[in-house]
Asker: 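If you scroll down you'll find the structure; I have some questions about it.
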Amino acid sequence: MKNLILAALIAGASVSSVAAMSAGQLSEVDRIEAQRLVPSADLSNLTPAQVTAIEFLLTSDNLKAGNNPAGKLQVILNRS
């Protein structure tokens with residue numbers, strides 16, 4: 001029983017630390033793709049909401065031709 005509780009605590013701690021590390025930061029792959037879409041994009045100091053929106057934009061059907069992903073990315077970046 002002690003081992004089960006210890007394992008649950010370790011798992012919970014690692015999940016929360018990963019979430020804290022990713023808050024406000026894009027993965028390198030997403031950063032490169034965003035820079036490809038909008039080369040002049042400032043990807044520093046992103047809010048967690050902006051990171052989430054950019055990740056969604058880059059992993060959904062929004063990248064299809066005609067959906068203007070560059071324009072959508074610029075709108076996301078202009079949000080505070």
Asker: With rounding to the nearest 0.5 angstrom, report the CG to NZ distance, L77 to K72.
Answerer: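 Those atoms lie 14.5 Å apart.
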Asker: Nearest 0.5 Å, please: how far is CG in L73 from CD in Q35?
Answerer: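 It comes to 9.0 Å.
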Asker: Which of these, L63, I54, N68, sits in a side-chain contact (heavy atoms from CB on, under 4.5 Å) with L37?
Answerer: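 Of the listed options, the one satisfying the test is L63.
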Asker: Report the distance from atom CG of L43 to atom CG of L26, rounding to the nearest 0.5 Å.
Answerer: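 If I round to the nearest 0.5 Å, the distance is 6.0 Å.
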Asker: To the nearest 0.5 Å, what is the distance between CD (Q50) and CG (L57)?
Answerer: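 Separation between the atoms: 12.5 Å.
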Asker: What is the distance from atom CD of E55 to atom OG1 of T52, rounded to the nearest 0.5 Å?
Answerer: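 With rounding to 0.5 Å, CD (E55) is 6.0 Å from OG1 (T52).
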Asker: Taking D42 for its side chain and S44 for its backbone only, find out whether a donor-acceptor pair lies under 3.5 Å.
Answerer: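 Yes; judged by distance alone, with no hydrogens or angles, the pair exists.
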Asker: Nearest 0.5 Å, what's the OG1-CD1 distance between T47 and I76?
Answerer: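 Here the interatomic distance stands at 10.0 Å.
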Asker: So, the side chain of N78 versus the backbone of Q74: is there a donor-acceptor pair under 3.5 Å, distance only?
Answerer: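 The answer is yes, because a donor-acceptor pair under 3.5 Å joins these two groups.
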